[in-house]
Amino acid sequence: MDKLHSDIFSFQLSLKNDMQYHTPVLLDEVIKNLAIKPDGVYADGTLGGGGHAEAILTACPTCRLIGIDRDGEAIEYAGNRLKPYADRFTAVRGNFKDIDAILDGLNVNRIDGALLDLGISSRQIDSAERGFAYSADAPLDMRMDKRQSLTARDVVNGYGEAELVRLLKEYGEEDFARGIARAIVRGRTIRPIETTGELARIVTEAVPKKFRFGGAPKKTFQAVRIEVNAELDGLQEALQCYIDRLKTGGRLAVISFHSLEDRAGKTVFKYNATDCVCDKSLPVCVCGHRAGVKQICGPVRATEREIADNPRSASAKLRVVEKL
Ligand SMILES: C[S@@+](CC[C@H](N)C(=O)[O-])C[C@H]1O[C@@H](n2cnc3c(N)ncnc32)[C@H](O)[C@@H]1O
């Protein structure tokens, strides 16, 4: 076992011994493909519980890390966890899409690498009172950033039926979007839908019986969560900002958990890795576009062993590019 893999292995063991921490998804693959440089400056745009962040800081004892999260609880939790690295770790509460302003505010011009582990954290799902999980009954909230006013309750009770159909189809890829939207609108005319349990029951009853296995409300909850947190708005533009901020040889790693996030990464990475982006019908190149990155890997999936340990990793896909 080489030094890097032995460090990762002992880090994973320490995570297993400390059950308050969830093992980060695709940890080994992220650390290997970020190819962390001594004295390098890195950004983790989705700090969460700080698992990937700690592995980055451990993989190279001289690198510096800026950890961003819009969830105040994540910042507090990861901030405590990463106190031993305080001389080279900075936590920023903010939206990773504001990377330009965040780096400017820290007087950082270019970075050697960045990680975006998109979506919600296990801690957020497991905190029933945050309203992300359909397996627990709690107020319909789903805000990653509690400073924002829009909640899942507002979406579920305030959006018109057509709008609900659109987001269920687009963000949830839900086959029964029309029936579910109709049931939600019917349900809320009696009284507002206040809790995750009420929403889960309405959705389950709107799905034909033979399709109710494996969590019928899952896609609806995903769609509402994406809408509440505007997760896909400006994602492609944000990925472009991260690429623009990389030094030559710097790497950007993106982990996605559903096809819409993955499509955003794939599109931006492909565009940046392509020389000419002219319409195929043109006989000669008129765009002058030149590839600015090369694809390092992707999509990398979790191993069967990781999926058995952490079923959430089953849908994870890692893509990594390097700045030319
Ligand atoms: C999948 S978790 C990251 C887990 C983390 N890699 C770890 O090792 O614990 C995603 C985190 O990103 C945060 N997040 C999602 N979208 C964000 C955004 N646009 N800006 C900042 N943080 C965001 C969420 O609040 C959540 O804490």
Side-chain angles (χ1 to χ4, degrees), residues 8 11-12 14-15 18-31 34 42-59 65-82 85 89 91-103 113-127 130-133 141-148 150 171 222 225-239 241-242 253-258 260-262 264-265 302 306 310-318:
I8 292 170
F11 175 68
Q12 283 170 331
S14 79
L15 287 176
D18 186 349
M19 290 312 286
Q20 65 174 316
Y21 298 146
H22 294 273
T23 306
V25 170
L26 292 167
L27 177 68
D28 203 344
E29 294 80 356
V30 166
I31 298 301
L34 271 179
Y42 291 83
D44 179 347
T46 49
L47 184 62
H52 285 110
E54 184 163 17
I56 291 170
L57 288 160
T58 317
L65 181 70
I66 299 155
I68 304 162
D69 206 294
R70 57 180 168 180
D71 181 341
E73 287 172 26
I75 290 291
E76 192 186 335
Y77 180 86
N80 277 330
R81 174 179 185 169
L82 300 173
Y85 311 94
F89 171 68
V92 177
R93 184 173 185 192
N95 194 318
F96 71 67
K97 294 171 190 165
D98 297 326
I99 187 66
D100 279 335
I102 292 170
L103 293 182
L115 167 68
L116 294 171
D117 175 15
L118 299 170
I120 41 172
S121 66
S122 308
R123 286 178 50 76
Q124 288 166 330
I125 300 172
D126 294 346
S127 306
R130 306 275 315 251
F132 287 106
D141 189 325
M142 300 195 195
R143 288 170 300 170
M144 288 181 186
D145 185 343
K146 287 193 185 161
R147 297 170 301 186
Q148 81 171 44
L150 185 77
Y171 297 161
Q222 172 180 301
R225 188 202 89 209
I226 291 175
E227 175 68 14
V228 168
N229 297 291
E231 288 176 43
L232 296 166
D233 296 359
L235 181 56
Q236 291 197 16
E237 292 79 356
L239 295 179
C241 289
Y242 279 84
V254 178
I255 303 176
S256 62
F257 288 87
H258 55 79
L260 299 163
E261 285 171 349
D262 186 49
E306 177 170 1
N310 174 12
R312 207 178 154 244
S313 66
S315 55
K317 284 184 187 168
L318 168 70

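Whatever order the structure lists ligands and atoms in, that order sets their numbers, starting from 1.
With salt bridges taken as basic N to acidic carboxylate O contacts below 4.0 Å, none links D145 and R143. Of the charged side-chain nitrogens involved, none lies within less than 4.0 Å of a carboxylate oxygen, so that E261 and K317 do not count as a salt-bridged pair. Ion pairing between a basic and an acidic side chain is recognised when a charged N comes within 4.0 Å of a carboxylate O; R225 and E231 show such pairing. Under 4.0 Å is where a charged nitrogen must lie from a carboxylate oxygen, and between R70 and D98 no such pair does. A salt bridge is defined here as a Lys NZ or Arg NE, NH1 or NH2 lying under 4.0 Å from an Asp or Glu carboxylate O, and K146 with E73 meets this definition.
Scanning all protein heavy atoms for the shortest distance to atom 11 (C) of ligand 1 gives D69 OD2, 3.5 Å. Atom 10 (C) of ligand 1 has G119 O, 3.1 Å as its closest protein atom, hydrogens excluded (heavy atom only). Of the protein's heavy atoms, F96 N, 2.8 Å lies nearest to atom 20 (N) of ligand 1. Looking at atom 22 (N) of ligand 1, its nearest protein heavy atom turns out to be R70 N, 3.3 Å. Annotation: atom 8 (O) of ligand 1 to nearest protein heavy atom, H52 N, 2.9 Å. Counting only heavy atoms of the protein, atom 12 (O) of ligand 1 lies nearest to T46 CB, 3.2 Å.
The backbone N or O of F132 lies less than 3.5 Å from no partner atom in the side chain of Q124, so there is not a single donor-acceptor pair. One N or O on the side chain of D69 and one on the backbone of G48 form a donor-acceptor pair closer than 3.5 Å. The closest donor-acceptor contact from the side chain of Y242 to the backbone of G45 lies at 3.5 Å or more, if one exists at all.
Geometrically, ligand 1 and D117 share a nitrogen or oxygen pair separated by less than 3.5 Å. Annotation: D44 places no N or O atom under 3.5 Å from an N or O atom of ligand 1; distance criterion only. Between R312 and ligand 1, no N or O atom pair is found at a separation short of 3.5 Å. Inclusion of L115 in the set of residues having an N or O under 3.5 Å from an N or O of ligand 1 is not warranted. For ligand 1, one of its N or O atoms has an N or O atom of N95 under 3.5 Å away. For ligand 1, the polar-atom distance check finds an N/O of G49 within less than 3.5 Å of one of the ligand's N/O atoms.
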- Item | Stepwise side-chain contact (heavy atoms from CB on, under 4.5 Å) test for I68 and L47 | CA-CA 5 Å; I68 304 162; L47 184 62; 5.9 Å; no
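Within the 4.0 Å heavy-atom shell around ligand 1 one finds Q124. Under a 4.0 angstrom heavy-atom cut-off, I255 registers as lying outside contact with ligand 1.
Atoms of ligand 1 found under 4.0 Å from any heavy atom of G94, numbered from 1 in the order shown, are 20 (N), 21 (C). Listed by number with element, the atoms of ligand 1 under 4.0 angstrom from any heavy atom of D71 are 25 (O). Proximity to G50 (heavy-atom distance under 4.0 Å) selects the following atoms of ligand 1: 7 (C), 9 (O). Of all the atoms in ligand 1, the ones that sit under 4.0 Å from a non-hydrogen atom of G51 are 7 (C), 8 (O), 9 (O). For ligand 1 and L118, the ligand atoms under 4.0 Å from any heavy atom of the residue are 1 (C).
Neither the backbone nor the side chain of R123 comes within 4.0 Å of ligand 1, counting heavy atoms alone. Here M144 has side-chain heavy atoms under 4.0 Å from ligand 1, and that is the only part of it that gets that close. Residue-level proximity to ligand 1 for V25 is absent, since no heavy atom of it falls below 4.0 angstrom.
I255 places a side-chain heavy atom less than 4.5 Å from the side chain of H52. Contact annotation: the side chain of L34 approaches that of I56 to within less than 4.5 Å [non-hydrogen atoms, C-beta and beyond].
Among G45, S121, A78, the residue whose heavy atom sits closest to atom 2 (S) of ligand 1 is S121.
Side-chain polar atoms of Y85 and E54 form a donor-acceptor pair below 3.5 angstrom.
Within a 6.0 Å sphere centred on CD of E76, other residues, nucleotides and ligands contribute 12 heavy atoms or fewer.
In this structure, R312 is positioned above the aromatic face of F257, its NZ or CZ under 6.0 Å from the six-membered ring centre and within 45° of the axis.
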